[in-house]
Amino acid sequence: MFKAPRGTQDILPEDQNHWRVVEAKATEVCRLFQYKRIDTPIFEQTELFLRGVGEGTDIVEKQMYTFEDRGGDRITLRPEGTAPICRAYIEHGMHNQPQPVRLYYTGPIFRYERPQKGRMRQHHQFGVEAIGSSDPVFDAQVIDLAWRFYRSLGLKGLTLQLNSIGCSDCRPDYLAALGYYYSDHVNNLCPDCSMRRLRSPLRLLDCKNASCQDTVTGAPRILDYLCQPCGSHFEELKGYLDKRRIGYELNPYLVRGLDYYTRTVFEIQPAEVRGQSAIGGGGRYDNLIEQLGGRPTPAVGFATGLERIIMNLQNQGIRSEDVWVGRKVFVVYADEAGKREVLAIAATLQDNNISATFTSGDYSLKSQMRQAGSSGSPWVIVVGQDEVSKDSVVLRNMAKGTQEETSLGNAIKQIGRQRPSDWPVDR
RNA sequence: GUGGGCGUAGCCCAGAGGCUUAAGGCGCCAGGUUGUGGCCCUGGAGAUCGAGGGUUCGAAUCCCUCCGUCCACCCCA
């Protein structure tokens, strides 16, 4: 039997309400902030990610879906959203527009990983980018947007972790200090950290290994090494967040896995931290556009995983309602004469913007009613020989268990009068 | 990529070498007399016991391999 490939999943009809609501909230908050949608291809030249994400990162080293196409080009399914958008910014000359250019996207992301709950080979992200300004007000706006997005979904217990990892001026000084410090602790490092010390020293800081924790605690802190411009950038950002009353935790050990980040980095963590901690994250990437061949262009962005959001919505028992509840009708037939009318009745309802369905095959009236009941339709219309000859229908209110014989036009009026407070619970 | 747990009908699961013709619940289907759902009652369909190989007179039950899934590490969304 065929199965969905490892690390992928079908999003079934019963989960779609969550997905549609999350997407709707994402586009709604972006409209509110006047960020414009952009869609880029789901595959790009491999080189874009090699240069954008960084050769030494896990993503590039072992997580990319890369293949050669029939023309011999090296192609990679996008493992993240920011580099493609920067490519589009450069390619379409967006530096000629008022800066920063503010964009958002949503769609599938591919990483070859060992799947777990909340960690898949194909997942979906929603992200925003503000490209072309180094002003910390945009770091704050991106965080503000993210925060409003989560709040609009009703997610509780989120925490914002915040840090600055400096720029190409001050980070080398810090790395030197860090290297000097760690050279005294080489013997009590875990094997992973021994590797990190040489290859990506910043990531020494978020090792969870107990034996390394003490070493991390005594390590120099990057915030003490920020150059003056980075320091005041960070102070300004915190000022904006304070003024917006967005709470954050300063986390001097927060380091992100992609090489392009500069200055601001942040992560949003859900209430129940199990395994995969972050539900979303982002930061500033002032050198990326230049690395990709554009002119020097500072930028800041944020991305969040939709599967993880939905997991958290479900954990917190948050329902996503079907907006059509209340305007849904199930048409059932009592006999052959009625059966012949079912499609036309449904069509008339649909002409009046009422959602309508019916069943087929040889289901008994009783069985059709059962199906209508479990479909969650608040209304049922019954037709048979009697109604056909009188040009009427039976309109049944499923919640009340009452029904009346009336014209189809009158039935439509009644359904249209249904108020949201009268809606039954969706199923 | 490393280590570990688990894989029995669409879903949740019992069974731990012969008494299993693999049990139960949810869901599905049909009935409980005339054209009506949700509760209840009765009946029914649905399982190559994840796949392949091995041990044995006999395997869902033991062994091996693979696949899938979950957990930890790694890392991230």
Side-chain angles (χ1 to χ4, degrees), chain A residues 1-9 12 14 53 57-63 79-82 106-127 146 190-193 195-196 200 203 206-210 254-258 267-270 274-282 302-312 330 332-339 359 361-388 394-403 405 424-425 427:
Chain A
M1 198 167 72
F2 290 112
K3 291 178 178 171
R6 183 163 207 208
T8 69
Q9 62 171 171
L12 297 171
E14 57 261 38
V53 177
T57 59
D58 279 16
I59 289 180
V60 165
E61 278 192 344
K62 47 191 189 190
Q63 298 186 333
E80 60 100 42
T82 301
T106 175
I109 299 285
F110 304 87
R111 290 181 202 165
Y112 187 87
E113 308 207 55
R114 184 123 179 208
Q116 290 181 25
K117 199 176 192 68
R119 200 171 81 182
M120 280 155 297
R121 291 182 176 178
Q122 176 180 351
H123 75 280
H124 297 78
Q125 289 187 9
F126 156 56
C190 69
D192 286 332
C193 279
M195 286 291 288
R196 292 191 184 105
S200 48
R203 274 191 269 164
D206 68 347
C207 182
K208 284 120 195 156
N209 198 314
L254 178 63
V255 177
R256 310 217 70 227
L258 293 84
E267 265 179 22
I268 289 96
Q269 296 177 350
R274 269 184 43 217
Q276 9 350 98
S277 51
I279 193 171
F302 154 80
T304 187
L306 302 190
E307 281 82 355
R308 288 189 184 177
I309 288 176
I310 288 166
M311 274 175 51
N312 279 276
F330 201 109
V332 306
Y333 56 87
D335 49 36
E336 278 300 312
K339 185 176 177 183
T359 185
D362 302 315
Y363 289 112
S364 64
L365 181 55
K366 180 183 187 128
S367 172
Q368 293 181 66
M369 288 301 295
R370 268 204 268 261
Q371 290 182 45
S374 65
S375 78
S377 294
W379 300 101
V380 165
I381 282 179
V382 189
V383 274
Q385 182 60 59
D386 289 358
E387 289 75 21
V388 171
V394 168
L395 176 65
R396 182 175 178 82
N397 180 321
M398 292 297 270
K400 291 182 186 158
T402 57
Q403 65 184 42
E405 188 173 348
V425 177
R427 27 178 59 249

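In what follows, every chain begins at residue 1, and chains take the letters A, B, ... in the order their sequences are listed.
The partner of B/U2 is B/A72, by the rule that a Watson-Crick or G-U pair needs both atom distances under 3.5 Å. In a base pair of the Watson-Crick type (N1 to N3 plus N6-O4 or O6-N4) or a G-U wobble (N1-O2 and O6-N3), with each distance short of 3.5 Å, B/G52 is matched with B/C64. Base pairing analysis places B/U42 opposite B/A30; the two distances defining the Watson-Crick or G-U wobble pair are each below 3.5 Å. Across all strands shown, B/A16 forms no Watson-Crick or G-U wobble pair with both distances under 3.5 Å. Using the Watson-Crick or G-U wobble rule with both distances under 3.5 Å, B/A9 pairs with nothing in any strand shown.
In terms of modelled atom types and a separation under 3.5 Å, the side chain of A/Arg308 and the main chain of A/Gly118 share a donor-acceptor contact. Not a single donor-acceptor pair under 3.5 Å links the side chain of A/Glu307 to the backbone N or O of A/Arg119. For A/Arg121 (side chain) and A/Glu113 (main-chain N/O), a donor-acceptor pair under 3.5 Å exists by modelled atom type. Using modelled atom types, no side-chain atom of A/Gln368 and backbone atom of A/Thr359 make a donor-acceptor pair closer than 3.5 Å.
Each of A/Gly280 and A/Pro5 has a nearest nucleotide on RNA chain B; the 5'-most of these lies closest to A/Pro5. Positionally, the nearest nucleotide of RNA chain B for A/Gly384 lies more toward the 5' end than for the other of A/Gly384 and A/Pro115.
A gap of 26 Å separates the P atoms of B/U42 and B/A9, to the nearest Å. Separating the P atom of B/U20 from that of B/C67 is a span of 36 Å, rounded to the nearest Å. Rounded to whole Å, the separation between the C1' atoms of B/G5 and B/C19 comes to 32 Å. Here the separation of B/C26 from B/C13, taken at their C1' atoms, is 11 Å to the nearest Å. B/U61 and B/C73 have their P atoms separated by 33 Å, with the value rounded to a whole Å. Here the separation of B/A72 from B/A14, taken at their C1' atoms, is 30 Å to the nearest Å. Spacing of C1' atoms, B/C49 relative to B/A22, comes out at 8 Å, to the nearest Å. B/G52 and B/G32 have their C1' atoms separated by 49 Å, given to the nearest Å.
Taking all atoms of both residues into account, the shortest heavy-atom contact from A/Ser375 to A/Ala372 is OG-O, 2.8 Å.
Within the 4.0 angstrom heavy-atom criterion, no nucleotide atom of any strand lies near A/Tyr333. Residue-level contact check: A/Asp335 touches neither bases nor backbone, having no heavy atom under 4.0 Å from any strand. A/Gly7 comes within 4.0 angstrom of sugar-phosphate atoms only, judged by non-hydrogen atoms across all strands, and of no base. Residue contacts shown for A/Leu258 are limited to sugar-phosphate atoms, with no base heavy atom under 4.0 Å away.
From A/Ile279, atom CD1 reaches atom CD of A/Gln269 across 10.5 Å, with rounding to the nearest 0.5 Å. Taking OH of A/Tyr363 as the start and OH of A/Tyr333 as the end, the distance is 9.5 Å to the nearest 0.5 Å. Note: A/Ile59 CD1 to A/Arg111 CZ = 4.0 Å, rounded to the nearest 0.5 Å.
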For side chain to side chain contact (heavy atoms under 4.5 Å, CB included), just list the numbers for A/Val380 and A/Met398, CA-CA rounded to whole Å, side-chain angles, deciding distance to a tenth of an Å, and then say yes or no.
CA-CA 7 Å; A/Val380 165; A/Met398 292 297 270; 3.5 Å; yes

Would you please test A/Arg114 and A/Arg6 for side chain to side chain contact (heavy atoms under 4.5 Å, CB included) and show each step?
CA-CA 9 Å; A/Arg114 184 123 179 208; A/Arg6 183 163 207 208; 4.2 Å; yes

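In this structure, the CZ atom of A/Arg111 is 9 Å from the C1' atom of B/C75, given to the nearest Å. One atom, CG of A/Asp58, and another, P of B/C73, lie 15 Å apart when rounded to the nearest Å. Remark: P of B/A77 and CD1 of A/Ile279 are 12 Å apart, rounded to the nearest angstrom. Nucleotide B/C75 holds its P atom 13 Å from the CZ atom of A/Arg256, rounded to whole Å. Between the NZ atom of A/Lys3 and the P atom of B/G10 there is a distance of 12 Å, given to the nearest Å. One atom, CD1 of A/Ile268, and another, P of B/A77, lie 11 Å apart when rounded to the nearest Å. Remark: P of B/G31 and CD of A/Gln368 are 12 Å apart, rounded to the nearest angstrom. Rounded to whole angstrom, the span from the CD atom of A/Glu80 across to the P atom of B/A77 amounts to 8 Å.
Between the side-chain ring of A/His124 and the base of B/A77, no stacking contact exists by the 5.5 Å and 30° definition.
The base of B/A77 does not come close enough to the side chain of A/Arg119 for any donor and acceptor atom to sit less than 3.5 Å apart. Side-chain to base pairing of A/Glu113 with B/A77: one donor and one acceptor N or O lie within less than 3.5 Å of each other.
The nucleotide whose nearest atom lies closest to any side-chain atom of A/Lys62 is, among B/C75, B/C74, B/G31, B/C74.
OP1 or OP2 of B/C75 has not a single side-chain nitrogen or oxygen of A/Thr57 nearer than 4.0 Å. Between A/Gln116 and the phosphate of B/A72, there is a side-chain N or O to OP1/OP2 separation shorter than 4.0 Å. Here A/Arg114 does not reach the OP1 or OP2 of B/G1: none of its side-chain N or O atoms lies under 4.0 Å away.
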Pick out the pairs of N or O atoms, protein on one side and nucleotides 36-42 of chain B on the other, that lie under 3.5 Å.
unit_1, atom_1, unit_2, atom_2, d
B/U36, O2, A/Gln403, OE1, 3.2
B/U36, N3, A/Gln403, OE1, 2.9
B/U36, N3, A/Gln403, NE2, 3.0
B/U36, O4, A/Gln403, NE2, 2.8
B/G37, N7, A/Arg396, NH2, 2.8
B/G37, O6, A/Arg396, NH2, 3.1
B/G37, O6, A/Met398, O, 3.1
B/G37, N1, A/Met398, O, 2.4
B/G37, N2, A/Met398, O, 3.4

